[in-house]
Amino acid sequence: MDIQIRVEGVEELVAKLTKLEQLQRVKRQVLAEGTALRGKMATYPTRVYTPNPLIKSNPKVRRAFFAKLRAGEISVPYNRTYKLRDNWKVASEGGGWVAKVSVEGVSYASLVQGANQAYGHSVSGWLTVNRAETLYGPGIKQRITQALEQEVANV
């Protein structure tokens with residue numbers, strides 16, 4: 001005497017579980033959020049002239065400024081190279097679960113947009129990494145959560 005147990009719809013269930021395991025919509029959303037954040041970080045503030053008070057009050061700073069000006073290392077007014085903008089990158093990591101937004105190859109990036117932002121860059125409106133996290137982090141988390149909820153609901 002044989003007893004057979006058959007699970008009906010197992011193929012459909014396995015297909016749904018496989019789709020749920022991959023969570024492609026969520027991974028696409030993570031990368032899209034990284035790309036959008038890269039765009040925010042790579043945006044230059046509008047030009048605002050802010051004099052450096054140290055040039056007038058600190059002889060060492062004044063001498064260094066004029067030495068660099070004579071040597072052609074700097075120009076007045078400053079001509080933007082857009083090197084910082086062009087070196088912000090976004091990369092998908094961790095099988096698509098992480099979007100790494102970073103700037104590479106720009107030695108002065110931390111002085112412009114990092115935690116140690118120079119005073120002149122803060123008054124001219126440069127977005128820092130910390131400020132970007134505060135401004136955009138909650139929205140990013142919300143949109144990724146929505147993508148996750150939609151993905152699960154559609155399985």
Side-chain angles (χ1 to χ4, degrees), residues 15-69 71-155:
K16 286 182 176 185
L17 289 173
T18 301
K19 182 178 179 184
L20 185 59
E21 178 186 33
Q22 294 171 352
L23 292 172
Q24 292 301 318
R25 179 185 300 220
V26 178
K27 291 177 183 180
R28 283 192 305 272
Q29 188 66 43
V30 168
L31 185 58
E33 294 299 333
T35 302
L37 186 58
R38 180 225 166 266
K40 301 284 188 192
M41 295 306 297
T43 300
Y44 279 51
T46 55
R47 291 178 181 241
V48 177
Y49 174 73
T50 53
N52 184 343
L54 294 177
I55 290 178
K56 293 181 180 177
S57 63
N58 187 322
K60 185 176 178 181
V61 171
R62 186 173 40 257
R63 283 192 304 273
F65 170 78
F66 284 108
K68 288 182 182 291
L69 187 62
E73 295 177 35
I74 61 172
S75 62
V76 176
Y78 173 72
N79 293 319
R80 289 184 169 171
T81 63
Y82 296 98
K83 184 177 176 183
L84 183 58
R85 175 198 65 194
D86 296 341
N87 282 284
W88 273 103
K89 308 290 183 213
V90 62
S92 181
E93 296 181 350
W97 296 108
V98 176
K100 179 181 175 186
V101 181
S102 61
V103 64
E104 298 169 5
V106 181
S107 60
Y108 53 85
S110 64
L111 294 173
V112 179
Q113 293 184 287
N116 299 328
Q117 185 181 51
Y119 172 76
H121 296 302
S122 68
V123 297
S124 65
W126 279 96
L127 179 64
T128 64
V129 172
N130 294 341
R131 183 77 177 132
E133 182 179 356
T134 301
L135 286 174
Y136 304 113
I140 289 170
K141 289 175 187 174
Q142 180 184 17
R143 288 185 294 276
I144 291 172
T145 300
Q146 287 173 344
L148 177 60
E149 290 170 352
Q150 288 173 355
E151 186 91 52
V152 172
N154 291 333
V155 172

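The nearest pair of heavy atoms linking N130 to A115 is ND2-CB, 4.0 Å. Annotation for V103 and A109: closest pair CG1-CB, 3.6 Å, computed over non-hydrogen atoms. G34 approaches V101 most closely through the heavy-atom pair O-CG2, 3.5 Å.
Annotation: side chain of L84 is not in contact with side chain of Y82 (no heavy-atom distance under 4.5 Å). The shortest side-chain heavy-atom distance between L148 and L23 falls under the 4.5 Å cut-off.
Counting non-hydrogen atoms of neighbouring residues, nucleotides and ligands closer than 6.0 angstrom, the CD atom of E93 exceeds 12 such neighbours.
By the side-chain contact (heavy atoms from CB on, under 4.5 Å) test, A132 is found to be paired with L37, M41, L127, Y136, residues two or more places apart in sequence or in another chain being considered. Contacts of R131 classified as side-chain hydrogen bond (donor to acceptor under 3.5 Å, both in side chains), with partners at least two apart in sequence or in another chain: none. Evaluation of the side-chain hydrogen bond (donor to acceptor under 3.5 Å, both in side chains) rule for W88 yields Q113 as partners, not counting sequence neighbours.
The line from CD1 of I144 to NZ of K27 is 13.5 Å long, rounded to the nearest 0.5 Å. Here the CZ atom belonging to R28 is positioned 12.0 Å from the OG atom belonging to S92, to the nearest 0.5 angstrom. Rounded to the nearest 0.5 angstrom, E33 CD and Q142 CD are separated by 10.0 Å. Going from atom OH of Y44 over to atom OG of S124 covers 11.0 Å, rounded to the nearest 0.5 Å. Interatomic distance, L31 CG to T35 OG1, rounded to the nearest 0.5 Å: 4.5 Å.
Using modelled atom types, one side-chain atom of Q117 and one backbone atom of V112 make a donor-acceptor pair closer than 3.5 Å.
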Would you sort out whether K89 and E104 count as a salt bridge (Lys or Arg N to Asp or Glu O under 4.0 Å), showing the intermediate values?
CA-CA 8 Å; K89 308 290 183 213; E104 298 169 5; over 6 Å; no

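Classified by interplanar angle (parallel below 30°, tilted 30° to 60°, perpendicular above 60°), the ring pair W126/H121 is perpendicular.
Q150 and R25 share a donor-acceptor pair across their side chains, judged by distance under 3.5 Å alone.
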